[in-house]
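Note: hydrogens, waters and symmetry copies are ignored here, and every other heavy atom, side chains too, is used. Reminder, nothing fancy here: chain letters follow the sequence lines and each chain counts from 1.
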There are 2 protein chains.
Amino acid sequence: MNEPVTRQAILPDPPAHDRVYRGLRQMVMHGEIFPGQALTLRGIGRQYGVSMTPAREALRRLTAEGALTLSASGRVTTPELSNDRIEELAQIRALLEPELASRALRRAHLALIDRMESINEANARAIHRQDPVEYIRTNLEFHRTLYLRAQSPAMLGLLETVWLQLGPTMRALYTRLRRTTAPPHHRLILEALRAGDDAALRLALRTDVTQGLRHLQA
Amino acid sequence: MNEPVTRQAILPDPPAHDRVYRGLRQMVMHGEIFPGQALTLRGIGRQYGVSMTPAREALRRLTAEGALTLSASGRVTTPELSNDRIEELAQIRALLEPELASRALRRAHLALIDRMESINEANARAIHRQDPVEYIRTNLEFHRTLYLRAQSPAMLGLLETVWLQLGPTMRALYTRLRRTTAPPHHRLILEALRAGDDAALRLALRTDVTQGLRHLQA
DNA sequence: GCATCCGATTTGTGATCACAGTTTGCAGAT
DNA sequence: ATCTGCAAACTGTGATCACAAATCGGATGC
């Protein structure tokens with residue numbers, strides 16, 4: 001007798017190291033871990049109910065993406081970025097994101113803009129609720145929803161590693177600042193999308209990315 | 001009694017997984033491995049005189065950087081890129097490399113240009129000798145020597161993962177083409193550097209990157 | 001000739017262990 | 001009180017193993 005298949009036809013259950021990787025990656029990207037926090041193989045293994053081996057593979061993978069830093073003694077912590085490094089990562093965002101947005105513009109349709117609108121509302125609610133993790137999550141989802149339409153998987157992949165590196169720092173900055181007003185540039189992005197204005201869209205993204213971080217840093 | 005220290009004061013000998021990683025990474029980036037070639041844990045372990053564990057960590061790290069692809073069954077091979085993917089990676093290079101060059105321009109001094117000149121000569125010799133690996137290696141070294149002056153480690157890191165992803169493909173394309181003339185744009189790059197002309201430098205890099213690959217692809 | 005099937009071999013996965021190095025916390029001395 | 005030293009606990013590294021899945025080989029059938 002066959003088990004009733006709830007989701008897909010076949011999903012060959014992901015390996016343990018992949019589950020651990022995904023869980024940790026989401027935590028780092030959404031800023032659920034503060035900068036400088038140390039992660040231990042046995043601790044993660046216990047947390048996910050696996051042995052040290054898959055935990056080690058997940059950490060190795062995340063450090064390769066810059067999501068975690070490796071001390072000289074092999075200890076793994078979430079990165080504490082210098083101001084220069086933060087600035088550089090923001091400049092990379094300012095280089096990649098307008099390009100991805102521009103590529104997506106040609107393929108953008110109304111349903112996409114509506115979806116981004118509703119994500120943006122969730123983002124505003126998260127700000128009002130003072131929920132840093134949910135704020136970061138919806139903000140990234142707003143951007144990613146747009147960039148997925150660019151059909152440039154390699155570029156989006158690079159950008160996501162940048163987001164990963166900034167995750168803990170953004171959380172720390174947000175907590176220190178406690179902003180209460182919504183990011184003003186999302187509306188500009190949506191307007192430029194609706195108008196089909198490439199130059200305005202690029203500019204809106206560049207300012208959203210740089211101003212956002214610069215504002216937090218100040 | 002102390003052993004005489006030959007090189008540095010202290011070099012705490014790198015872990016096995018790191019040695020394996022470095023070795024494989026260089027092979028992939030320089031195009032010493034053809035696209036589609038499979039790598040096995042036990043095979044790599046034998047080759048480097050280690051067990052499966054460090055070999056697995058090295059492979060996990062390289063797949064995280066896009067240097068290798070992971071099949072559904074967990075088998076690791078060097079990637080066979082589609083034309084679209086090659087095109088996209090070239091566009092990423094065209095986005096990052098002019099920016100890095102521009103940043104380096106302000107800090108570039110004569111000794112740097114001389115060094116690039118001599119690397120370029122080695123590159124020309126490699127072409128004349130029909131040595132694909134040495135051609136790729138000197139070409140990348142030419143670019144990296146310039147970009148190191150940009151003092152933008154995060155951006156250079158991203159770019160290197162792009163180079164990694166292109167490594168095997170560039171080798172395959174080179175072998176299929178057997179070019180005999182030196183890349184013409186390196187001279188333009190050097191001239192723009194000497195003239196301190198930012199616009200010309202950006203353009204020279206953009207064309208070097210796109211033309212180079214497009215020329216190989218045709 | 002060409003596809004199919006089945007067994008032997010090879011492969012990745014994950015657990016466990018011993019070991020060396022590091023970190024931590026507490027004691028005693030200045 | 002503050003610093004120093006030391007022992008106990010902890011941590012990452014790498015080897016080895018059992019196991020299930022995938023791959024490959026050749027023989028068999030059409």
Quick one: which of A:Glu65, A:Glu57, A:Gln26 gives a side chain to side chain contact (heavy atoms under 4.5 Å, CB included) with A:Tyr21? A:Glu65
Between A:Gly49 and B:Gly43, whichever has its closest DNA chain C nucleotide further toward 5' is B:Gly43
Let's see if you can work this out: which of D:dG14, C:dG14, C:dG12 has an atom nearest to the side-chain heavy atoms of B:Arg42? C:dG12
B:Leu41 has its side chain closest, among C:dG12, D:dT13, C:dA15, to C:dG12
For A:Asp18 and C:dG14, what is the distance between atoms CG and C1' respectively, to the nearest whole Å? 14 Å
Pair B:Arg42, B:Gln47 - check side chain to side chain donor-acceptor pair (under 3.5 Å), show working. CA-CA 8 Å; B:Arg42 291 169 178 85; B:Gln47 189 172 341; over 6 Å; no
Looking at the side chain of A:Thr40, which of D:dT11, D:dA18, C:dA15 is the nearest nucleotide? D:dT11
Checking side-chain polar atoms at under 3.5 Å, does B:Arg149 have a donor or acceptor matched by the opposite partner on B:His109? yes
Any base atoms under 4.0 Å from B:Val76, or only sugar-phosphate, or nothing? Heavy atoms, all strands. nothing
Let me know the distance between OH of A:Tyr48 and C1' of C:dA15, rounded to the nearest Å. 19 Å
Go through the N and O atoms of the side chain of B:Arg56 and the base of C:dG12, and report whether any donor-acceptor pair is under 3.5 Å. no
Short side-chain donor-acceptor distance under 3.5 Å, A:Arg115 and A:Thr145: no
Roughly, in whole Å, what's the span from CE in B:Met52 to P in C:dC17? 18 Å
Just N and O in the side chain of B:Ser73: are any of them under 4.0 Å from OP1 or OP2 of D:dT23? yes
Could you check how far CG of A:Leu70 sits from P of D:dG12, rounded to whole Å? 10 Å
Closest to the side chain of B:Ala16, out of D:dG14, C:dG14, D:dT13, is D:dG14
Distance check needed: D:dC10 P versus A:Leu39 CG, whole Å only. 18 Å
Looking at D:dT13, I'd like to know if its phosphate oxygens (OP1 or OP2) sit under 4.0 Å from a side-chain N or O belonging to A:Arg60. yes
Rounded to whole Å, how long is the line connecting atom OH of A:Tyr21 with atom P of C:dG14? 16 Å
Between the side-chain atoms of B:Thr53 and the base atoms of D:dA15, is any donor-acceptor pair under 3.5 Å? yes
Does a donor on one side chain and an acceptor on the other come within less than 3.5 Å for B:His143 and B:Glu97? yes
Take the protein atom CD1 of A:Ile44 and the nucleotide atom P of D:dT11, then report the distance between them rounded to whole Å. 11 Å
Would you indicate which nucleotide in C:dT22, C:dA18, C:dA15 comes nearest to any side-chain atom of A:Arg75? C:dT22
Measure CG/A:Asp13 against C1'/C:dT13 and give the value in whole Å, please. 12 Å
Would you say B:Ser51 places a side-chain N or O within less than 4.0 Å of OP1 or OP2 belonging to D:dA15? yes
